[in-house]
Structures are given as structure tokens and as C-alpha cells.
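Values in this document were obtained by computation on a predicted structure and should not be read as measured data. Values reported hereafter were calculated over all heavy atoms of this structure, with side chains retained and with hydrogens, waters and symmetry mates removed.
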Amino acid sequence: MTLASSANGIYQRLTGWQAELTAFRRDLHAHPEIGFEETRTAARITEALRACGVEEIHSGVGKTGVVAVIRGHRSQSGRMLGLRADMDALPMREENDFSWRSTTPGLMHGCGHDGHVAVLLGAARYLAETRRFDGSAVLIFQPGEEGFAGAKAMIDDGLFERFPVEAVYAMHNWPQLPV
């Protein structure tokens with residue numbers, strides 16, 4: 001199998017989950033929660049992680065954060081890498097008219113964190129189903145990124161002592177970037 005065919009297979013698999021992940025993102029978008037109040041969001045994330053076969057899930061890290069661990073088929077390397085997504089909304093009024101617009105007055109996912117969560121859940125599902133890696137993947141769903149120092153709260157709560165990752169990778173959407 002070539003790298004290109006492997007990547008195409010991964011892409012095809014993820015494409016099959018697009019409708020489900022889009023529905024999840026839209027649900028989060030319709031029910032935004034501000035920093036350290038992401039209780040519904042955390043519960044939905046936990047539910048989704050369990051549904052895709054993740055056995056080790058830790059809630060309440062840094063108040064409302066969620067951390068999950070997926071172990072690969074092999075563990076000889078002992079490597080532990082983190083993947084992070086923000087999960088909080090912004091204190092602003094949504095002026096969209098689509099069916100999944102915010103149902104909470106004065107709050108909206110104006111920065112795309114609903115999308116960040118959906119992307120990380122897609123990665124979680126793929127990693128949990130295939131486990132084609134050596135080591136552990138630590139999925140970090142961070143609360144309070146928008147002005148609440150959520151990362152600091154998670155670190156102060158022992159994030160890196162409990163999950164000693166060697167690096168953390170994250171992304172942020174950029175709506176103005178051409179497709």
C-alpha cells in the first residue's frame with residue numbers, strides 16, 4: 001500500500017462520518033456554553049467518545065475539561081502525544097438565521113470551537129477504531145479558552161502530571177482561508 005492510497009483510504013473513512021460529525025457540531029453550535037460552564041458540551045463529548053470506543057475518559061479536568069486516552073496496538077515506544085480542541089463559546093449575540101443557530105441569548109460559537117470539537121471527535125473515532133500507532137494519544141477538550149485561562153486551569157489541575165505528553169498538537173479554523 002502506498003502512502004497516497006493509505007491517505008485516500010483514511011479520507012474515505014472520515015468522509016463516511018461527515019454527516020454525523022456535522023450534526024454533532026451543529027448541536028454544539030445551537031447550545032453554546034461560556035468558559036467553565038461547558039457542562040452540556042462536556043457530557044456530549046463524553047457520550048460521543050464512549051460511542052466510538054474510547055474506554056479511558058476523565059471529566060472535570062480544569063473544571064469542565066475532558067481528557068481521553070486511546071492506546072495504540074503497540075506500546076513499545078512509550079510515546080504519549082496530545083491532541084487539543086477548545087470547547088467554549090463567546091459572549092456575543094448570533095445574528096445568523098440557519099436552523100442550528102444559538103438557542104442561548106448572548107452566546108454563540110463565533111470562533112469555531114464547535115468545529116474544533118467535531119474535528120477532534122473524528123480523530124478520536126479513527127484512532128479508537130484503527131489503533132494503528134505505537135504509544136498513546138491523549139485527547140484534550142479544553143474549557144475556557146476565550147479569556148478564562150482554561151489551559152492554565154487544566155495544567156494547575158495536574159494535566160501533565162497525569163498525562164505526561166511529549167507534545168500537544170492543536171489547530172484553529174480560519175474561515176477566510178480559501179478552500
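- In the displayed structure, R40 atom CZ is contacted under 6.0 Å by more than 12 heavy atoms of other residues, nucleotides or ligands.
- Separation of atoms CD1 (I70) and CG (L81) is listed at 12.5 Å; rounding is to 0.5 Å.
- Within the 4.5 Å cutoff, no side-chain heavy atoms of P32 are placed close to those of I34.
- The structure places CD of Q142 at 13.0 Å from NZ of K152, a figure rounded to the nearest 0.5 Å.
- Heavy atoms of other residues, nucleotides or ligands lying less than 6.0 angstrom from CD of E56 number more than 12.
- With rounding to the nearest 0.5 Å, the separation of CZ in R71 from CD in E55 is 9.5 Å.
- Ring pair H172/H113 is perpendicular by interplanar angle, where above 60° counts as perpendicular and below 30° as parallel.
- Taking every heavy atom of both residues into account, W17 and G122 meet most closely at CZ3-O, 3.6 Å.
- A distance-only check finds no donor-acceptor pair linking the side chain of R162 to the backbone of L159 [under 3.5 Å].
- By the 4.5 Å heavy-atom criterion applied to side chains, S102 and H109 are not counted as neighbours.
- Using a distance-only test at 3.5 Å, with no hydrogens or angles considered, no donor-acceptor pair links the side chain of D86 to the main chain of E145.
- Other residues, nucleotides and ligands contribute only 12 or fewer heavy atoms inside 6.0 Å of the CZ atom of R79.
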side-chain contact (heavy atoms from CB on, under 4.5 Å) assessment of W100 paired with D27: CA-CA 7 Å; W100 61 89; D27 175 69; over 6 Å; no
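- D88 CG to D114 CG: the interatomic distance, rounded to the nearest 0.5 Å, is 11.0 Å.
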Worked check of side chain to side chain donor-acceptor pair (under 3.5 Å) between E33 and H31: CA-CA 7 Å; E33 296 171 302; H31 302 92; over 6 Å; no
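- Closest approach of M87 and E38 over heavy atoms only: CE-CB, 3.5 Å.
- The existence of a salt bridge linking E47 and R44 is confirmed by a sub-4.0 Å separation between a basic side-chain nitrogen and an acidic carboxylate oxygen.
- Counting only heavy atoms from C-beta outward, the side chains of H116 and M171 approach each other to under 4.5 Å.
- Between R25 and A118, the shortest heavy-atom distance links the atoms CB-CB, 3.9 Å.
- Looking at E20 and R125, their side chains come closer than 4.5 Å, going by heavy atoms from C-beta outward.
- Residue Y11 places its OH atom among 12 or fewer non-hydrogen atoms of other residues, nucleotides or ligands, all under 6.0 Å distant.
- In this structure, CG in L49 is found 5.0 Å from CZ in F141, a value given to the nearest 0.5 Å.
- Under the 3.5 Å distance criterion, the side-chain polar atoms of R101 are matched with a main-chain donor or acceptor of D97.
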Chi angles and distances behind the side-chain contact (heavy atoms from CB on, under 4.5 Å) call for F98, H29: CA-CA 11 Å; F98 42 70; H29 191 93; 3.9 Å; yes
